[in-house]
Amino acid sequence: MDINQLLRKNIQDLKPYSSARDEYTGEAMVFLDANENPFNQPYNRYPDPLQRALKEKIAVLKSVDPQQIFLGNGSDEPIDLLIRAFCEPGVDNIVTINPTYGMYQVAADISGVEIRKVSLTPEFQLDVDALLAATDENTKLIFLCSPNNPTGNSLDKKQILKVAERFKGLLIVDEAYIDFAPGKSLLPELEKFSNLVVLQTFSKAWGMAGIRLGMAFASKEITGILNKIKYPYNLNILTQQKALELLGQYEQVKEWVKLLIEERGKVAQELKKLPFVVEVYPSDANFLLVKMHDARGVYDYLVEEGIIVRDRSKVHLCTDSLRITIGVNEENNILLNTLNNLI
Ligand SMILES: *Cc1c(COP(=O)(O)O)cnc(C)c1O
């Protein structure tokens, strides 16, 4: 696949901004190249635009080459950059599933790019033929999400790979919740599929939503395009330092994930006992999608009691469903006790 064929013309021709830190990256005694203030170290210095130290560590953890990593201000950044790099407003389109994460639509809308949504099956699985039937010669990107938000289930891996095989554009698979899933990441498939992009994030399992750090894994041609069009210093020093610190505490992260998966099982069991709960869908994520009688009424009651969940009742295939994030044991018990008072 020639990735440049897929790119918008203006991005192919773009001469990117060259920062002082791009032109000289070595160690020096005196840095007088970037009009920085010499006082207030270390925050006076611009951060590494390519976040090399951080990528080295992530590469080891994920068994990929550092050049296959793009780091952004949350996953939101690579989602937006992919659309802006590949989709000509008013001409090209992207295809995704319904229901799924809302950010693909928002990013497409902001860019003036058409988004086509293909319903999942009633079991929340992919219909590969329907998905591909929605594409045409102007479809540049397909966005999938596995485990999917808000349904919580993983999409069948064989089906995802069928899409990668048959689709001529880029397939982006958002794995924000992969650490909570029993199935493996698609990262090893990057070797086979040059049109695959895998998104992961520090916002969920890593417990760092506040520092805004998202990862896109892809061929170095694709990460090169994202690097070319991103803000030169898209990740600040504080984010890079904090992430480096937490990468050294991976055992702690694994412990959090284990606890949350245990809690997820317990909360699901208890919810199923409530007479107004119709179904607790199987989840591979750190939340549960729960179908119940009068979900909106339950939502309003919980808000009055100071408990906030996400009302997904108006979402396709999620009629009368709430999305409930798994908290620590005490928080989950408060939720369950409050719901029990409704009986
Ligand atoms: C939470 C979530 C993200 C994370 O986005 P960030 O910008 O990295 O915080 C990405 N994708 C999905 C599907 C999510 O639910």
Side-chain angles (χ1 to χ4, degrees), residues 51 54-55 58 62 69-84 94-108 110 115 117 120 124 126 141-155 160 170-181 183 185-187 196-218 223 226 230-231 234-236 238-240 242-243 246-247 253 256-257 260 264 281 283-289 308-312 315-318 321-327:
Q51 307 101 19
L54 194 48
K55 283 178 186 169
I58 295 171
K62 303 286 179 182
I69 307 171
F70 170 84
L71 298 178
N73 187 317
S75 311
D76 297 344
E77 185 176 355
I79 291 167
D80 178 49
L81 293 182
L82 284 161
I83 293 173
R84 284 202 277 144
I94 72 180
V95 168
T96 189
I97 49 177
N98 194 15
T100 193
Y101 184 46
M103 210 46 215
Y104 318 135
Q105 161 114 50
V106 172
I110 290 170
I115 179 162
K117 299 182 186 179
L120 292 173
F124 300 147
L126 265 189
L141 312 172
I142 292 180
F143 279 90
L144 300 179
C145 183
S146 179
N148 189 34
N149 179 2
T151 58
N153 65 299
S154 300
L155 302 177
I160 297 177
L170 293 193
L171 171 63
I172 297 128
V173 183
D174 188 339
E175 294 188 335
Y177 300 98
I178 193 68
D179 302 270
F180 302 102
S185 165
L186 288 176
L187 282 177
L196 180 64
V197 180
V198 176
L199 302 181
Q200 293 185 6
T201 179
F202 281 81
S203 295
K204 307 289 157 63
W206 286 89
M208 289 195 272
I211 72 168
R212 310 306 300 130
L213 181 54
M215 301 171 268
F217 302 92
T223 58
L226 299 180
K230 75 183 181 73
Y231 288 165
N234 60 327
L235 286 193
N236 67 70
L238 299 173
T239 293
Q240 295 188 50
K242 195 69 202 170
L246 250 110
L247 278 161
V253 172
W256 291 338
V257 168
L260 290 171
R264 181 182 75 198
Y281 295 99
S283 172
D284 290 338
N286 66 337
F287 61 84
L288 291 166
L289 186 70
I308 317 301
V309 298
R310 198 85 198 268
D311 179 15
R312 301 282 78 187
V315 171
H316 177 65
L317 299 182
C318 299
S321 300
L322 301 184
R323 194 194 69 191
I324 302 174
T325 306
I326 302 300

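In each ligand, atom 1 is the first atom listed, and ligand 1 is the first ligand listed.
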Considering only non-hydrogen protein atoms, determine which one is nearest to atom 15 (O) of ligand 1 and report residue, atom name and distance to 0.1 Å.
Tyr177 OH, 2.6 Å
More than 12 heavy atoms of other groups within 6.0 Å of Lys242 NZ
no
the protein heavy atom lying closest to atom 7 (O) of ligand 1 turns out to be Arg212 NH2, 2.7 Å
With no hydrogens and no angle check, do the side chains of Tyr104 and Asp174 hold a donor and an acceptor under 3.5 Å apart?
yes
Record the part of Ser75 in heavy-atom contact with ligand 1 below 4.0 Å; permitted values are side chain, backbone, both and neither.
both
In sequence, state the C-alpha distance, the side-chain angles, and the governing distance for Ser185 and Gln200, and then conclude on side-chain contact (heavy atoms from CB on, under 4.5 Å).
CA-CA 10 Å; Ser185 165; Gln200 293 185 6; 3.4 Å; yes
If I compare all heavy atoms of Leu120 with all of Leu317, which pair ends up nearest, and what's the gap?
O-CD1, 3.6 Å
Looking only at heavy atoms, is any part of Asn149 under 4.0 Å from ligand 1, and if so is it the side chain, the backbone, or both, or is it neither?
side chain
Report yes or no: do Arg212 and Asn236 form a side-chain donor-acceptor pair below 3.5 Å?
no
Is there a donor in the side chain of Gln51 and an acceptor in the side chain of Asn234, or the other way round, less than 3.5 Å apart?
yes
Which of the numbered atoms in ligand 1 are below 4.0 angstrom from a heavy atom of Asp76?
7 (O)
Closer than 4.0 Å to some heavy atom of Ala176 - which atoms of ligand 1 meet that?
2 (C), 3 (C), 10 (C), 11 (N), 12 (C), 14 (C)
Applying a heavy-atom cut-off of 4.0 Å, say which part of Phe202 lies close to ligand 1: side chain, backbone, both or neither.
neither
Under 4.0 Å between heavy atoms, the region of Glu77 that gets near ligand 1 turns out to be neither
I need the nearest protein heavy-atom contact for atom 11 (N) of ligand 1: residue, atom name and distance, please.
Asp174 OD2, 2.7 Å
Return yes if some donor-acceptor pair links the side-chain N/O of Thr223 with the main-chain N/O of Ala218 below 3.5 Å, else return no.
no
Between Lys204 and ligand 1, which part of the residue brings a heavy atom under 4.0 Å of the ligand: side chain, backbone, both or neither?
side chain
Aromatic centroids of Phe143 and Tyr101 separated by under 6.0 Å:
no
Closest protein heavy atom to atom 9 (O) of ligand 1, given as residue, atom name and distance to 0.1 Å
Ser203 OG, 2.6 Å
Numbered in order shown, the ligand 1 atoms found under 4.0 Å of a heavy atom of Cys145 are 13 (C)
